[in-house]
Amino acid sequence: MLHSSYIEIRKSALQNNIDFIRREIGTEVTFSSVVKGNAYGHGIEQFAPLAQECGVSHFSVFSADEAERLLQSLKQPATIMIMGYLDNPELEWAIRNEIEFFVFELDRLLEASAIARKLGKKAKIHLELETGMNRTGFNKAALEQAQAILEDCKAELTLQGICTHFAGAESMQNHDRVQKQLHAYEQQVQHLRSAGHTPEQLHTACSAAMISYPETRMDMVRVGIMQYGFWPSPETYSQYVSNQPSRKDPLRRLINWKSRIMSLKSVPQGEYIGYGTSFQSPRDMVLAIVPVGYAWGYSRTLSNQGQVLIKGTRAAVVGTVNMNVMMVDVTHIPDVQKDEEVVLLGIQGNESITVASFAELSIQLNYELLTRLPLNIPRYIID
Ligand SMILES: *Cc1c(COP(=O)(O)O)cnc(C)c1O
């Protein structure tokens, strides 16, 4: 094995999750697969063609560089939508490649129409509205000016969508704020419509909104975390399953992160292990040295906390997580050999290390932990 760890992506799990999302939203609503953050750590190049095989034909990314990687890895034509960063120089590239994009500033709207005119090609834009998140989006005053530009540039701009993003649909704590946002969105859409601006698609929902606020689904949902088999929050999960007769999690995780035992070591009782004195062997121990550390996204906060699976048994990280290695206590596991598979995340035998448990220990959200898995860990597709 060339690399000290690798990631497996399970296709059957993705198909399961996509089927579930489709059942939830029905046939009239478009499913946009959100693949920003390197497809939430799963790898754009590996994930996107797989998603296409599972029936996905609409993708959302954050930035132009992600759109380019996506475009190069797709096996069939698909719609690509940039939700965030796109500098004016990249606008021309985007329009030429028929990539759709959010517009939340007048400057970009004007530039897009100028470039579209130059190229003799229409730009497909999604007007993002400020409804209360206070991140990106046109506020009311700017929206008036945007409307005027839209009217002047009808020949260059197609109003593909009107959209917004909710500020925390995964927590009921934000319920009133989400409702306010939805109300503001509907009012502004109504206002735009009455002025003759009719978009092809209204879209507002991320994973959590899709589950907890079905009225936000509209014409399209932008789903990230759930297609990878994770819930946006424990709250969204319990809200969903408590309404289901089976009470079972309908999602399956795609990801397994694995390594191998690099070396084994016997340590007598009373020795300190690794750097410093954070762990002293309470008895004679056998340690497995695993070639993964914080440089590979295995957080240092998992020192003396993390668990891995070896031979289908849990084994504890002892001492501090180093840059490239960590030590794991395998004293209780018989017949452990060098080169034995180590599961850092995912399933082995009847046991699993969930991102949730892992993330809680390392004080990271699912989202953060996944997207921090380094780009250069190889990703392999399995059935
Ligand atoms: C990330 C993102 C989404 C998807 O969010 P999930 O919680 O992963 O489903 C949807 N819309 C926008 C604008 C986003 O930035």
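These figures come from a predicted structure and were not determined experimentally.
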### Message
How long is the straight-line distance from CD of Glu235 back to OG of Ser212, given to the nearest 0.5 Å?
### Response
8.0 Å
### Query
Does the side chain of Ser299 pick up a donor-acceptor pair with the side chain of Thr301 at under 3.5 Å?
yes
### Query
Counting distance only, does the side-chain N/O of Arg177 pair as donor-acceptor with the main-chain N or O of Gly132 below 3.5 Å?
yes
### Summary
On a heavy-atom basis, the closest approach of Val29 and Arg217 is CG1-O, 4.1 Å
### Query
Is there a donor-acceptor pair under 3.5 Å between the side chain of Thr164 and the backbone N or O of Leu129?
yes
### Query
Once you round to the nearest 0.5 Å, how far does CD1 of Ile211 lie from OH of Tyr240?
6.5 Å
### Message
To check you understand the geometry: which heavy-atom pair defines the closest contact between Ser303 and Val321, and what is its length?
### Response
OG-N, 2.8 Å
### Query
About how many Å separate CD1 of Ile7 and CD1 of Ile255, when rounded to the nearest 0.5 Å?
4.5 Å
### Task
Give a yes or no on whether Ile310 and Met327 share a hydrophobic cluster (residues Ile, Leu, Val, Met, Phe, Trp, Tyr; joining criterion: side-chain heavy atoms under 4.5 Å apart).
no
### Task
Keeping the roles fixed (side chain from Arg379, backbone from Ile377), state whether a donor-acceptor pair exists under 3.5 Å.
yes
### Query
Does Glu156 reach the main-chain N or O of Ala112 with its side chain, forming a donor-acceptor pair under 3.5 Å?
no
### Task
State yes or no: do Trp93 and Phe62 share one hydrophobic cluster built from I, L, V, M, F, W and Y residues joined by side-chain heavy-atom distances below 4.5 Å, directly or via other members?
no
## Note on the structure
Between Gln160 and the options Gln201, Lys122, Glu200, the side-chain hydrogen bond (donor to acceptor under 3.5 Å, both in side chains) test singles out Gln201
#### Entry: Minimal non-hydrogen separation, Leu251 against Asn17, with atom names
CA-OD1, 3.4 Å
### Query
Got a donor-acceptor contact below 3.5 angstrom from the Gln72 side chain to the Arg69 backbone?
no
### Task
Compute whether any side-chain donor of one residue and acceptor of the other, for Ser60 and Ser32, lie under 3.5 angstrom apart.
yes
### Task
Could you grab the distance from atom CE of Met83 to atom NE2 of His203, nearest 0.5 Å is fine?
10.0 Å
### His332 atom NE2: more than 12 heavy-atom contacts under 6.0 Å
yes
### Task
May I ask whether Val241 and Val223 are part of the same hydrophobic cluster, defined by side-chain heavy atoms of I, L, V, M, F, W, Y residues being less than 4.5 angstrom apart, directly or through others?
yes
### Task
Indicate the ring-plane relationship of Phe102 and His126, choosing parallel, tilted or perpendicular according to the 30° and 60° boundaries.
tilted
#### Entry: Glu8 with Lys258: basic N within carboxylate O range, under 4.0 Å
yes
### Parallel, tilted or perpendicular, as decided by the 30° and 60° cut-offs, for the rings of Phe230 and His42
perpendicular
### Task
Answer whether the closest heavy-atom distance between the side chains of Arg314 and Ile353 falls below 4.5 Å.
yes
### Task
Kindly give the heavy-atom pair with the smallest separation between Ala64 and Ile82, and that separation in Å.
CA-CD1, 3.8 Å
### Message
Could you check whether Lys75 pairs with Glu53 (Lys NZ or Arg NE/NH1/NH2 to Asp/Glu carboxylate O, under 4.0 Å)?
### Response
no
### Query
Is Asn324 reaching over with its side chain to a backbone N or O of Gly293, donor-acceptor style, under 3.5 angstrom?
no
#### Entry: Check: Ser12 side chain, Asp383 main-chain N or O, donor-acceptor pair, under 3.5 Å
yes
### Query
Taking all atoms of both residues into account, what is the closest heavy-atom pair of Val34 and Gly224, and its distance?
CB-CA, 3.7 Å
#### Entry: Residue pair Gln181 / Thr131, side-chain donor-acceptor N/O under 3.5 Å
yes
### Message
Within a 6.0 Å radius of atom CG on Asp87, are there more than 12 heavy atoms belonging to other residues, nucleotides or ligands?
### Response
yes
### Task
May I ask you to decide whether Arg96 forms a salt bridge with Glu92, counting only side-chain N to carboxylate O separations under 4.0 Å?
yes
### Query
Do Met226 and Met210 have side-chain heavy atoms sitting under 4.5 Å apart?
yes
### Query
Does a side-chain N-to-carboxylate-O contact under 4.0 Å join Glu98 and Lys124?
no
### Query
Can you find a heavy atom in the side chain of Thr371 that is under 4.5 Å from one in the side chain of Tyr367?
no
### Leu127 side chain near Leu192 side chain, heavy-atom distance below 4.5 Å
yes
#### Entry: Distance, nearest 0.5 Å, that separates CZ of Arg260 from OG of Ser4
12.0 Å
### Task
Indicate, with yes or no, if the rings of Phe47 and Tyr228 have centres closer together than 6.0 Å.
yes
### Query
Are the side chains of Glu130 and Leu143 in touch, meaning some heavy atoms are under 4.5 Å apart?
no
### Trace of the side chain to side chain contact (heavy atoms under 4.5 Å, CB included) decision for Arg222 with Cys206
CA-CA 5 Å; Arg222 307 182 302 257; Cys206 57; 5.6 Å; no
### Message
Does Val328 form a side chain to side chain contact (heavy atoms under 4.5 Å, CB included) with Ile261? I'd like the steps, not just the answer.
### Response
CA-CA 9 Å; Val328 172; Ile261 296 177; over 6 Å; no
### Within-4.5 Å side-chain heavy-atom neighbours: Leu86 and Arg108
yes
### Message
Walk me through whether Arg10 and Ile347 qualify under side chain to side chain contact (heavy atoms under 4.5 Å, CB included).
### Response
CA-CA 11 Å; Arg10 192 179 298 277; Ile347 302 167; 5.6 Å; no
### Task
Can you see which heavy atom on Gln52 is nearest to which on Ala78, and at what distance?
NE2-CB, 3.6 Å
### Message
Taking Val342 as the starting point, is it possible to reach Val318 by hopping between hydrophobic residues whose side chains are less than 4.5 Å apart?
### Response
no
### Query
Are Gln15 and Asp19 close enough that a side-chain donor and a side-chain acceptor fall under 3.5 Å?
yes
### Task
Flag the pair Arg193 / Val189 as yes when at least one side-chain heavy-atom distance between them is below 4.5 Å, and no otherwise.
yes
### Message
Quick check for you: to the nearest 0.5 Å, what is the distance between Thr204 atom OG1 and Phe166 atom CZ?
### Response
3.5 Å
### Query
If you count the non-hydrogen atoms of other residues, nucleotides and ligands that lie under 6.0 Å from CD in Gln173, is the total more than 12?
no
### Query
Are any side-chain N or O atoms of Ser281 and backbone N or O atoms of Gly270, one a donor and one an acceptor, separated by less than 3.5 Å?
yes
### Task
Measure from the side-chain N and O atoms of Asp329 to the backbone N and O of Leu287, and report whether any donor-acceptor pair falls under 3.5 Å.
no
#### Entry: ILVMFWY network linking Tyr294 to Tyr275, side-chain heavy atoms under 4.5 angstrom
no
### Query
Where do Tyr85 and Asp65 land on the side chain to side chain contact (heavy atoms under 4.5 Å, CB included) test, with the steps shown first?
CA-CA 9 Å; Tyr85 187 72; Asp65 66 301; over 6 Å; no
### Query
Looking at side-chain heavy atoms only, is the closest gap between Leu345 and Leu369 below 4.5 Å?
yes
### Task
Tell me, yes or no, whether the heavy-atom count around Lys338 atom NZ, taken from other residues, nucleotides or ligands under 6.0 Å, exceeds 12.
no
### Test item: Asp284 side-chain N/O and Pro268 main-chain N/O as donor-acceptor pair under 3.5 Å
no
### Query
Counting only heavy atoms not in Glu215, do more than 12 fall under 6.0 Å of its CD?
yes
